[in-house]
Number of protein chains: 2
Amino acid sequence: MNSSLLDRLRDRGYRLTSQRRVVAEVLDGDHIHMTADEVLEGAVSRLPEISRATVYNTLRELTELGEILELNLDGRSKRYDPNVTRAHHHLVCDRCGLVFDVQFEVEVPSLGLAEKHGMSIRRSEIVHHGTCRTCTG
Amino acid sequence: MNSSLLDRLRDRGYRLTSQRRVVAEVLDGDHIHMTADEVLEGAVSRLPEISRATVYNTLRELTELGEILELNLDGRSKRYDPNVTRAHHHLVCDRCGLVFDVQFEVEVPSLGLAEKHGMSIRRSEIVHHGTCRTCTG
DNA sequence: GCACGACTTGGACTGATTCCAACTTTGTTG
DNA sequence: CAACAAAGTTGGAATCAGTCCAAGTCGTGC
Ligand SMILES: [Mn+2]
Ligand SMILES: [Mn+2]
Ligand SMILES: [Zn+2]
Ligand SMILES: [Zn+2]
């Protein structure tokens with residue numbers, strides 16, 4: 001998994017810098033949905049001199065490579081999801097921003113030509129908005 | 001439709017100011033997904049002295065009333081959708097931001113208790129990301 | 001070892017939205 | 001009607017996330 005990520009980076013002609021390695025390490029996990037700032041925080045704790053700009057650059061690169069998903073769950077910070085292999089939904093608490101994965105056996109409905117308005121579709125996203133238990137009080 | 005919106009505003013104890021009326025008018029339509037700035041622009045053309053702050057205030061109120069939907073389609077500006085009666089998906093061009101409605105007969109899969117992680121769900125959103133015909137070139 | 005392109009950096013900048021304190025409007029009460 | 005309170009509006013400052021940029025560093029091929 002991780003080695004293939006690094007391989008892919010190399011295959012694209014990207015250099016394997018300590019900064020990129022650290023960002024990839026911080027993002028490793030199963031049900032995490034970190035903001036860029038959280039990634040920066042984790043990266044800094046391993047490599048104190050890493051900069052915000054590099055974290056943003058690397059997140060963009062990893063997204064373009066398809067190694068992570070960039071999620072717009074609420075109107076706030078984007079979140080980055082390393083789980084690209086198993087398609088899943090997301091559950092978001094509109095009050096506190098908590099995010100859950102939902103492993104649900106519903107294939108995303110594929111659209112017919114008519115519905116696509118001539119667009120080519122790359123990816124479909126299902127987000128459920130609600131209130132988590134602690135926020136309900 | 002429109003009168004019921006104004007009625008609802010009154011029922012909640014909201015005053016029916018010219019500013020609120022203008023914002024509601026600008027938002028009236030069927031397949032529109034305006035940004036706050038576009039709403040402001042339309043509102044100003046009818047009521048030049050209206051302020052940005054009031055537009056944002058009114059958009060929040062209408063959203064809380066359930067009269068419009070606040071959509072986070074891309075990481076940019078939120079979009080406001082007055083079509084709350086017919087559930088539908090959205091199709092977004094990731095290059096130019098164009099938005100289409102998709103009237104598709106797929107009910108949003110409802111989640112079982114286990115999948116909900118204890119959350120109460122208010123609304124589910126399906127967004128298809130891709131590239132529109134003109135952006136494909 | 002040098003040169004060059006790739007990469008990183010801090011800080012300035014931008015765009016979207018929220019916040020705020022002053023002001024205006026409207027509704028209520030005597 | 002006058003006076004006061006409550007609700008609404010305003011412009012601009014502030015915040016927040018993200019992008020941009022010019023300068024400096026690194027590292028690979030020659
Ligand atoms: Mn996820
Ligand atoms: Mn719509
Ligand atoms: Zn919550
Ligand atoms: Zn497009």
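Numbered from 1 within each chain, the chains take letters A, B, ... in sequence-line order. Keep in mind that what you see is a predicted model, and the values were worked out from it rather than measured.
Residues passing the side chain to side chain contact (heavy atoms under 4.5 Å, CB included) test with A:Glu38, sequence neighbours excluded: A:Met34, A:Thr35, A:Arg79. For A:His88, the ring pair (Phe, Tyr, Trp, His ring centres under 6.0 Å) criterion is met by A:His90, not counting sequence neighbours. By the side chain to side chain contact (heavy atoms under 4.5 Å, CB included) test, B:Arg123 is found to be paired with A:His129, B:Leu69, B:Leu71, B:Glu125, residues two or more places apart in sequence or in another chain being considered. Take A:Arg122 and apply the salt bridge (Lys or Arg N to Asp or Glu O under 4.0 Å) test, not counting sequence neighbours, and it matches B:Asp94.
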Could you list the protein-to-nucleotides 18-27 of chain D atom pairs, N/O on both sides, closer than 3.5 Å?
residue : atom : partner : partner atom : Å
D:dG18  : OP1  : A:Lys78 : N            : 2.8
D:dG18  : OP2  : A:Tyr56 : OH           : 3.0

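Rounded to a whole Å, the CE atom of B:Met34 is 14 Å from the P atom of C:dT17. Distance CG (A:Asn72) to P (C:dA16): 14 Å, rounded to an integer number of Å. Following rounding to the nearest Å, B:Leu16 (CG) and D:dT9 (P) show an atom-to-atom distance of 10 Å. The nearest whole Å value for the distance from the CD atom in A:Glu70 to the C1' atom in D:dA17 is 12 Å. The separation between B:Arg20 atom CZ and C:dT25 atom P is 15 Å, rounded to whole Å. Rounded to an integer number of Å, the gap from CG of B:Leu40 to P of D:dG11 is 10 Å. If you take OH of B:Tyr14 and P of D:dA6, they are 18 Å apart, rounded to a whole angstrom. Here C:dT9 presents its P atom at 7 Å from CD of A:Glu49, a figure rounded to the nearest Å.
Looking at heavy atoms from C-beta onward, B:Asn72 lies out of side-chain contact with B:Val127 at the 4.5 angstrom threshold.
Between B:Gln19 and C:dT25 there is no side-chain polar atom (N or O) within less than 4.0 angstrom of OP1 or OP2. For B:Thr54, a side-chain nitrogen or oxygen approaches OP1 or OP2 of D:dT10 to under 4.0 Å.
For A:Thr17, whose side chain is taken as the heavy atoms from C-beta onward, the closest listed nucleotide among C:dT9, C:dC7, D:dT10 is C:dC7.
Under a cut-off of 6.0 angstrom, the local environment of CD in B:Glu64 is crowded, with over 12 non-hydrogen atoms contributed by other residues, nucleotides or ligands.
In the hydrophobic clustering, A:Tyr56 connects to no other residue, as no ILVMFWY side-chain heavy atoms lie under 4.5 Å from its own.
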